[in-house]
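This report concerns only the one structure given below.
Positions are given from 1 along the sequence.
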Amino acid sequence: MPMSQTPTHIAVFGTGSWGTAFTAVLADAGNTVSMWGRFADEVDDITTTRTSSRYHPDLVLPESVSATTDPARALAGAEIVVLALPAQTCRANLLEWGALLKDRIVVSLMKGIELGTSKLMSEVIIEAGPVRPDRFAVVSGPNLSREIARKEPAATTIASPSPATAERVADVCATSYFRPYTNTDVIGSELGGSVKNVIALAVGMADGLGLGDNSKATLITRGLAEMQRLGVAMGADPLTMSGLAGVGDLVVTCMSSLSRNNSFGRLLGQGRSVAEAEAVVRQTAEGVKSARPLLELARRHGVELPIAEAVVAVIEGVMTPTDMGRKLMARELKAERSGL
């Protein structure tokens with residue numbers, strides 16, 4: 001198994017599904033990892049059983065992994081800090097212990113847009129940390145945590161304004177089953193990871209309504225167009241949307257039964273309410289909270305996102321999933337490449 005050329009000590013903040021799976025990747029790459037969790041029962045579970053019984057009961061974490069509820073203890077000696085928190089709690093957490101980050105490299109695994117501000121997670125972290133932009137990186141791609149926990153081959157994008165920072169992060173997480181690629185397009189990589197969750201809700205609704213693959217392929221393809229439109233308006237590289245952080249993450253999130261957003265949308269399509277779907281899924285489906293700020297972000301940039309707009313209407317109880325489909329199909333006809 002390939003190991004990091006420069007083994008180091010890394011702190012992972014978040015003991016959820018993706019944070020735990022990524023911790024295993026880092027450990028398998030030859031690093032020592034200290035996990036921070038807010039909930040004592042999850043931390044005790046990792047400490048005593050070497051597993052996360054709630055998220056990955058079959059994943060045994062190596063002895064190089066430790067866990068604590070103390071932020072300062074988790075950060076002690078860490079050169080790199082990985083944030084695997086729910087997007088909507090990121091700012092509050094950073095206001096609590098962000099000053100401890102200092103000049104460490106900070107890596108975001110979060111795929112969401114902040115309620116109230118419509119800011120990307122990079123903006124929240126750089127602002128609330130505070131974190132130097134050249135010491136920030138984001139991980140985005142088709143990374144279903146359960147498959148990675150099973151050590152199935154996967155690739156990802158690591159984006160940072162600093163190529164050296166992106167390469168450093170890639171170095172510490174490269175294994176025989178996890179292959180990182182680097183770029184400098186943080187905006188495009190983050191938008192890909194955020195927009196795809198909202199589109200996956202729409203695809204899940206189509207599935208819940210019993211619609212076939214033509215309907216779902218249409219939503220995915222036009223969802224990619226929405227992703228590209230907003231990305232271009234915000235200064236992203238259009239090619240990013242054709243890569244792992246764009247179409248790669250979009251396809252897997254929209255089509256996999258392991259996708260929380262797809263599963264949540266399917267429940268809505270079957271007639272469940274948002275509250276009922278939350279009770280069934282039990283884990284964070286970032287698209288539910290990010291849909292409204294995404295729509296507001298698009299309006300701020302003068303970009304039309306009809307699928308995202310329809311998803312927001314369903315989540316907020318303004319229309320049903322069936323109404324959503326009718327509204328999208330009744331839109332004015334246009335050339336396919338007209339404004340993407």
Subject >> Any Phe178 side-chain heavy atom under 4.5 Å of Ile148 side chain >> reply: yes
(message) Which label fits Phe13 and Trp36: parallel for a plane angle under 30°, tilted from 30 to 60°, or perpendicular past 60°?
(response) parallel
**Message:** Does any part of the side chain of Val139, heavy atoms only, come nearer than 4.5 Å to the side chain of Val107, both counted from C-beta?
**Reply:** yes
- Can we say Asp41 and Arg54 salt-bridge, meaning some charged N sits less than 4.0 Å from an Asp/Glu carboxylate O? no
>> Would you say Lys196 and Thr253 are linked by a side-chain donor-acceptor pair, where the criterion is simply a distance under 3.5 Å?
In response: yes
* **Electrostatic pair Asp58-Arg150, nearest N-O below 4.0 angstrom** => no
Fill in: Side-chain touch His56/Thr51, heavy atoms, less than 4.5 angstrom
no
Residues pairing under salt bridge (Lys or Arg N to Asp or Glu O under 4.0 Å) where one sits in residues 66-83, two or more places apart or in two chains, turn out to be Glu79-Arg168
Other residues, nucleotides and ligands only: do more than 12 of their heavy atoms fall within 6.0 Å of CZ on Arg179?
no
Do you reckon Met255 sits in the same ILVMFWY cluster as Val281, going by side-chain contacts under 4.5 Å, direct or chained? yes
Any chance the side chains of Asp45 and Ser53 put a donor and an acceptor closer than 3.5 Å? yes
Glu127/Lys119 salt bridge by N-O under 4.0 Å criterion
yes
ask   = Is it true that the side chains of Ser17 and Ser145 contain a donor and an acceptor less than 3.5 Å apart?
value = yes
Residue pairs passing the side chain to side chain donor-acceptor pair (under 3.5 Å) test with at least one member in residues 299-308, sequence neighbours excluded, are Glu304-Arg331
*May I ask you to decide if Thr8's main-chain N or O and Asn31's side chain share a donor-acceptor pair within less than 3.5 Å?*
yes
*asked:* Distance alone, cut at 3.5 Å: any donor-acceptor contact between the side chains of Thr156 and Asn143?
replied: yes
| message | Are Val232 and Leu295 linked, directly or through intermediate hydrophobic residues, by side-chain heavy-atom contacts shorter than 4.5 Å (ILVMFWY only)? | response | no
Using 4.0 Å as the upper bound for N to carboxylate O, is an ion pair formed by Arg135 and Asp103? no
(Q) When you compare the side chains of Thr240 and Asp185, does any donor N or O come within less than 3.5 Å of an acceptor on the partner? (A) yes
**Asked** So with a 6.0 Å cut-off around NZ of Lys216, is the heavy-atom count from everything else above 12?
**Response** yes
Report task. Please determine if Arg38 and Glu96 form a salt bridge, counting it only when a charged side-chain N lies under 4.0 Å from a carboxylate O. Result -> yes
### Query
Is any side-chain heavy atom of Val251 less than 4.5 Å from a side-chain heavy atom of Val247?
yes
Residue pairs meeting ring-ring contact (aromatic ring centres under 6.0 Å, His included), one or both in residues 119-164, sequence neighbours left out, come to none
| message | Any donor-acceptor pair under 3.5 Å linking the side-chain atoms of Thr89 with those of Asn93? | response | yes
